[in-house]
Trainee: 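This structure is in structure tokens; I'll ask about it shortly.
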Amino acid sequence: AQVVLTSPPHTSAGVMHGLVVFGASSSSSCVAACCETAACAAACPGAQTVCFSLLLYDDRVPIATAKSPLSGPEIGGAFILVSIANFPQLSSGNDAEVMFGEEAGR
């Protein structure tokens, strides 16, 4: 047998528990929350249950990844290459600022 599950949209990241019920359960407490405490046998009498969890993450969160070595000469002057994703689109270079400690970068 194959089961295909579709998660409803969520507005936040985190763990979401799910429940698959085989057979009839007349209990109103037979909901996915029983998976958090492993209490589905008591919550879903007369039914076989399978719990699962999904780790939801927000792929819209801005990400900056260093593409250059993370160290350089002590006196500075090294170029740093950074890859960015999911940042808002800027209309000019004046819309962004880079700081190195307390000093502005160029």
Trainee: Please name all residues satisfying side-chain contact (heavy atoms from CB on, under 4.5 Å) with Tyr57, sequence neighbours left out, ordered by chain then number.
Mentor: Asp59
Trainee: Starting from Val31 and following side-chain heavy-atom contacts under 4.5 Å between hydrophobic residues (I, L, V, M, F, W, Y), which residues can be reached?
Mentor: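 For Val31, no cluster forms, as it stays isolated from other hydrophobic side chains.
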Trainee: Is it possible for you to say whether Ile80 and Phe87 belong to one hydrophobic cluster, with membership spreading through side-chain heavy-atom contacts below 4.5 Å?
Mentor: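 Yes, one cluster joins them.
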Trainee: Should side-chain heavy atoms under 4.5 Å link Ile, Leu, Val, Met, Phe, Trp and Tyr, which residues sit in the same cluster as Ile63?
Mentor: none
Trainee: Not counting sequence neighbours, which residues clear side-chain contact (heavy atoms from CB on, under 4.5 Å) with Leu55? List them please.
Mentor: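 Only Val15 meet the side-chain contact (heavy atoms from CB on, under 4.5 Å) criterion with Leu55.
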Trainee: Roughly how far, to the nearest 0.5 Å, is NZ of Lys67 from OG of Ser83?
Mentor: 4.5 Å
Trainee: With sequence neighbours excluded, tell me which residues meet side-chain contact (heavy atoms from CB on, under 4.5 Å) with Ala66.
Mentor: Leu70
Trainee: Can you sort out the partners of Leu54 under side-chain contact (heavy atoms from CB on, under 4.5 Å), two or more places apart, ordered by chain and number?
Mentor: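 With neighbours one apart ignored, the set is Ser7, Met16, Phe52, Leu56.
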Trainee: Where do Met99 and Ala104 come nearest, in terms of heavy atoms and distance?
Mentor: SD-CA, 3.8 Å
Trainee: In terms of SG positions, are Cys30 and Cys40 separated by less than 2.5 Å?
Mentor: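 Between Cys40 and Cys30 there is no disulfide, given that their SG atoms are not under 2.5 Å apart.
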Trainee: Kindly state each residue pair satisfying side chain to side chain donor-acceptor pair (under 3.5 Å) with at least one member in residues 28-37, sequence neighbours excluded.
Mentor: Ser27-Ser29
Trainee: Taking only residues at least two apart or on different chains, which pairs with a member in residues 49-96 satisfy disulfide bond (SG atoms under 2.5 Å apart)?
Mentor: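 Listed by first then second residue: Cys35-Cys51.
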